[in-house]
Each structure stands twice: as structure tokens, then as C-alpha cells.
Amino acid sequence: MKILSMMLSVVALPFLFSTPSAAVGKITIDPNTPEALAKAQALSGFWTADSRLTQKISLEAKRQSVSSIISQISQKAGIKIETGLGDQDWQVRDRKMIIFAKDMPVADLMQSIARVMKFDWKRTQSDGVYSYRLFMDRNTLINAEAQSYREEQRFYQEQCQKRADFSEKLKDFADLSEQDLAKLKEEDPMMYALAASGVAESLGRIFGEAKGMRDAFVSGDKMTMNLSSESDGMKAAMLNMAKAMARMAVFSSDLSEEDFDSNPDLLKEISVQPPHVSEDRATSDIVSLYMLGEIDLMYKRTGSSGEDLGFTENGFPIFDPDSVFGKEFGRLFTQVLDKGVQNLGEISMNVKIDPDDLLKRDFGEPAVKHDKDENIPGEVDLSQNGKNGTKPFEMIDQLALFTNASGLNVISDYFVDEPLNTSTDKIPSIGILKWMELLNSYNWWRRGSTIELRDRHWFHKRSLEIPEAWLVKWRDNFKSAETLGIDDLADMAVLIGETNQWKMNISKDDILACDPIKWTLYLQKDFLRFYASLSQSQRAAIYTKEGLDLTNLSGEQKQIATKRLGWWDGKRSAVIFGTRMPLGKQFKYSFNTGGRNFGSITTPKYTVNKPS
């Protein structure tokens, strides 16, 4: 999978400002705002009856909760404004936003917040004085959930069909003539590269003989084949695949096809993997949207003196050969074959991405199209933020630079984002909005002197967020005790799962996003996730002389135990014993069953001002 790390972030930048968007009509009204409600509010004088809403205020909020933002507006305007249907309505109150507003009418600011966040306003009157409440209409949530599910299913079915078509194509690449190869090189460069390297023939043979591997690839599942347990014919096909990948300069250790010829034991296993977008669409990279899947090899590494460095894994991406992106990478791989180019990272920077094609492949809210560049004033200076030629810009940085350069207000939702690395010094202000569109999957609308932005995956990302109260508890416990207890660690480990809630909630936290916590969780996540499934009385039993008998677990707990503990089949008798030993402020937990040690956990240490 290491080959992919060279393709991210910078790959699209050369083409952000050169590829025109298709003209589909300029959208000036948010299609997701309930227009009926807006018309009703306008007719009822909702925004004009209260003269206090005409006053202008300035507000800057960087990654702040909606409840905090509304509280500031309430104080500045002298108006009673409340957030959510109650104090426990964290799904409204805890949402994050970015706001850069200067001298903006309160009514306009309130409406922008509602549009961006898909919330509604309710007004009440007491003794002739109006007060307001921001809330989420449940029908909006239900409709969004249904739309999201339909779109996800459509995307999944399309990808399955593309993978099925690709696997059928492989059957035609066993014996190609020179004329066939020459034609393929011009018309289908991705398939040419796979055919010329031998990947197509080897993969076709593997799919042909191992139907389960082919079916896993088509359905987007992961499947692994171990070399030692396969037939001689399959071993030969797997080794041929490894040699073909060596021809493509995939291996970071510079393994050659001759190395696999002289030492077949270098190869341990081969896997088909889904692209990252299938595993975690909320944090997927743009390259994955063009991937059909990935072929991963587990192989042995040796040092310069022949010493055994253990096994490592590297992947070969299979891109959609019919996409512009796939054709470009086909040409890249062809250069590797023809010229022996080794640095794929440098070449990948020149791969073209058509923004319109990219947005079609993504699934979230429909992308808002602009028939021409908006008249956005100003130029953004990117040279001020960088060290050693690298300038990482998080979303907050980008929008702050944009509002300073353009003079426009910015109202945006906020989810965890990856920093953008660019070597560009200056771009037109609209370039920031193009980055937001393409690299961050954002829609944006201009409304007078205000730019409104919303993540197109807002529904899915919101479903991954957790209450702020959980984070507050963990932060307070970590700082006050200077470590975290195993109960807190178990709760946090649940977030490191298939949906990667850890990244969505903690990776940017000033206190919890630190190496001591991260490595404790990742190294022991399976046991901790099992521990999280236990009741308090079951957890207490582990530390008694009788221990915890796994056969007494509930049916659901047994399923979790067999999945997370690995060594237990859910049937045979097994008792877990645990000890807790203090190590200064920290604690070391050790666990065993029947005298066999199977894990220990040392709680993380808090470092004042720098928990890393």
C-alpha cells in the first residue's frame, strides 16, 4: 500500500486552475434548504419584524461548536437565542463550524448558519419580545439518510460492475501479439501496462483458478492467499505476480524479478483489497475514487548484509482503465517499463485529474456547478506559511487566507480535514474555493458578500461524531490523573473501528491527539474493544482469583470475544485473569488465561503542554 502514499494531495494541484467545469447552469439557491419554510418565513416577516436582527456584528469562530457560536451571537446582539431542543441535544449543539464574519447583519448570519448546517429556526414571543431557537428538523435527517443510502448503493453497484468487467478483460491478455500490444498501448494504456508487465496474465490466472479471490475482488472484499498452502500451479502464478510487480518498481526495497526466481520464499502471501474509499468514505483520498482495488503482496525484506528484516507489505493499485485518471497512470506505468523510471512519486505529480470527472465519481450531495468563475476579488499569498519549502494548510488556514484576501464573509461547517501541502506561492482567491471543491469535497455558494460552504459528505460525517461530553471527560481524566484508566481506554478503542470514528473526533484534539494514547490504543485495540463489551461486574471479575469465565458471556459478547481475542473459539472453557500494577502515575495491566499470558497494557502518560 506504500505506493499510494506518493500519489496523494499534490496529484491534482497542477490542474485545479486549468480544467474548465462543464456549464450546467449556475446554482444560486441551496437545493437542500426547505424552500417552503423559507418562503413562509419571508411572508410572515420572520426576519423583518424584529429590528434587532438588522444590527451588524463581527464574529470569528475557528472549529467552534454551534452552541458556543450561538451564545456569542446572542451576547453581541442582546437577543435570547438558544441552541438545540434541549441541553442534551448534542447533535445540534456540538457540531463544529468555521466563521469569518465582519459587519454582517444578525439576520443574515443566522440564516447562513441554518442553511450551511441544515438546521431550522423557531421563533417565540413573550411580552412583545422575540426569542429564537436553532434546531434540526427530523424529517431533514430522515430524508438525508435515505438519500445517502441510495447513493451509496448506486456507487457500490457501479464499482462492482466495473470490477467484474475488468476481471473479464483479463482473460484476453494471455497471448497478445506485438500488433495487439501496440494497439493497446495507444487505446488502453492501463491495460497495456498490466499486459506488458505480466500483471494481467498472472492476475487472470489467479482469478481463474481461485474463484473466491475473483469474487472477493468484484464485491470489494479482502481475501488473502498464503503461498505455503497453495498448489504448485497457484504458487507459480503468485510468484509471477510478484515478478511482474517488481518490473513495475513497486517494491520499496528494490526487489527484482530475479530475487523471486532465486528465492521463492521471499513471497509469503498475496491479497486483494478494496480501495480506501470502501473502507472509510469519510476520510478517503481522491486517488481511491479511481481505484477498482489493490493487489497486496507480503514479502520478506533483507538488509544490505543479507540479514532478515522480517516481512512487509506493498500494494499495486488497479485503476479504472476507462477513466482519464486510469489512462494517465497507465502511461506512467508504461514509462516505468520502457525507461526503468523508479521514482513514481515524481511522475505522479503530473497525472491529470478532471474535476468534473472526479465529482461524478464521488458520492455525497450532488456537486454544485458554476457555469463560470465567480467574480471573487483578491489574491491569496501562500508563501507566508511554510518551512523548508513545505506549506501545509489546514482548512481553517485556507479560509482565513481567503477571507483576508477577498474581503468576503465565510460561513462553513467543519469536520476533521487533512492539511493541504503545496509549493504554490500565490493563487487567485477563487483557487481556495476550487481546492475546497476538489480536495475537500465541499459545495459552496456565494450570497452577496458571503461565501457559504458545506461538506458534501455531511450526513455520513455527522453520523460518526460523538458527544463533546465524552471528549471533555477523557480530557479532564487525562490531565487530572496524568494517565487514563482502562475503562476510558476501552471506550476510546471502540472508536478505532471500521468507521474510524477516532479520526473524526480525536485526531485534531489538543489533549487527546497524542502518541501515548494513540499507540496504546492501536497496539491493544482488539483486547480493549472486547473489554469495552463487558459490564462493570464482568470487568471486576477479571481481577479476582476466580477470574472471568468466557463461557458465561452473553451471545453478543461471545461474538465479540471470538473476533477480538482470536485464540478463543467461543466453545471451549477459558478464564481470563488480570492484574493491575501501579507505575508511578501510570498503571500496567496484565492478562492471561490458564497460565498463558496474552497481553499487557501500560496506560499512557500525560505530559503538560505537550502530550506527545
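Below, each value reflects all heavy atoms present in this structure, side chains not excepted, and no hydrogens, waters or symmetry copies.
- Minimum interatomic distance between Val116 and Arg462 (heavy atoms only, all atoms of both residues): O-NH2, 4.2 Å.
- With hydrogens and angles ignored, the 3.5 Å screen pairs no side-chain donor or acceptor of Arg163 with any backbone N or O of Arg214.
- Atom-to-atom distance recorded for Tyr543:OH and Thr579:OG1 is 8.5 Å, nearest 0.5 angstrom.
- Counting heavy atoms from C-beta on, the side chains of Ile496 and Arg529 never come closer than 4.5 Å.
- The number of heavy-atom neighbours closer than 6.0 Å to CD of Glu556, taken from other residues, nucleotides and ligands shown, is 12 or below.
- Counting heavy-atom neighbours within 6.0 Å of Lys473 NZ, excluding the residue itself, gives a total above 12.
- In this structure, Lys62 places its NZ atom where only 12 or fewer heavy-atom neighbours from other residues, nucleotides or ligands lie under 6.0 Å away.
- Between the side chains of Glu465 and Gln501, no donor-acceptor pair is found at a separation under 3.5 Å.
- Partner of Gln273 under the side-chain hydrogen bond (donor to acceptor under 3.5 Å, both in side chains) criterion, out of Asp221, Thr224, Asp296: Asp296 alone.
- Contact check for Leu464 versus His460: side-chain heavy atoms found under the 4.5 Å cut-off.
- Looking at Phe415 and Lys96, their side chains never come closer than 4.5 Å, going by heavy atoms from C-beta outward.
- Between Leu85 and Arg138 the shortest side-chain heavy-atom distance falls below 4.5 Å.
- Once rounded to the nearest 0.5 Å, the distance linking OH of Tyr606 with CD of Gln586 reads 14.0 Å.
- Between Phe587 and Tyr589, the ring planes are tilted. Angles from 30° to 60° get that label.
- Between Ile486 and Thr603 there is no side-chain heavy-atom pair separated by less than 4.5 Å.
- The aromatic rings of Phe329 and Phe319 lie parallel to each other, with less than 30° between the two planes, well short of the 60° mark.
- The main-chain N or O of Met395 is found under 3.5 Å from a side-chain atom of Asp417 such that the two form a donor-acceptor pair.
- Here the side chain of Asn226 pairs a donor or acceptor atom with the backbone of Ser228 at under 3.5 angstrom.
- Judged purely by atom type and a 3.5 angstrom limit, Arg475 has no side-chain atom pairing as donor or acceptor with the backbone of Asp509.
- Put simply, the side chain of Met492 reaches to within 4.5 Å of the side chain of Ile506, judged on heavy atoms.
- Going from atom CG of Leu484 over to atom CH2 of Trp474 covers 9.5 Å, rounded to the nearest 0.5 Å.
- To the nearest 0.5 Å, atom CG of residue Asn443 and atom CG of residue Leu453 are 9.0 Å apart.
- No donor-acceptor pair under 3.5 Å is formed between the side chain of Arg564 and the backbone N or O of Asp526.
- With a 4.5 Å cut-off on side-chain heavy atoms, Leu550 and Lys558 do not count as touching.
- If you take CZ on Arg63 and CD on Glu394, they are separated by 6.5 Å, rounding to the nearest 0.5 Å.
- Salt bridge status for Asp413 with Arg95: absent, with no side-chain N to carboxylate O gap under 4.0 Å.
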I'd like to know whether Ile295 forms a side chain to side chain contact (heavy atoms under 4.5 Å, CB included) with Ile318, so could you lay out the CA-CA distance, the side-chain angles of the two residues, the decisive distance to 0.1 Å, and finally the verdict.
CA-CA 7 Å; Ile295 310 300; Ile318 303 294; 4.1 Å; yes
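- The pair Glu365-Arg454 counts as a salt bridge, with a side-chain nitrogen and a carboxylate oxygen less than 4.0 angstrom apart.
- Ion pair Arg93/Glu468 not flagged as a salt bridge, since none of the NZ, NE, NH1 or NH2 atoms sits closer than 4.0 Å to an Asp/Glu carboxylate oxygen.
- Using a cutoff of 4.0 Å between basic side-chain nitrogens and carboxylate oxygens, Lys162 and Glu158 are not scored as salt-bridged.
- Using cut-offs of 30° and 60° on the angle between ring planes, the pair Tyr522 and Trp502 is perpendicular.
- The pair Lys518-Asp515 meets the salt-bridge criterion, with a side-chain N (NZ, NE, NH1 or NH2) lying under 4.0 Å from an Asp/Glu carboxylate O.
- Taking the side chain as every heavy atom from C-beta outward, Phe135 and Phe119 never approach each other to under 4.5 Å.
- No donor-acceptor pair under 3.5 Å is formed between the side chain of Glu437 and the backbone N or O of Lys434.
- Here Met97 contributes atom CE and Ser412 contributes atom OG; the two are 7.0 Å apart, rounded to the nearest 0.5 Å.
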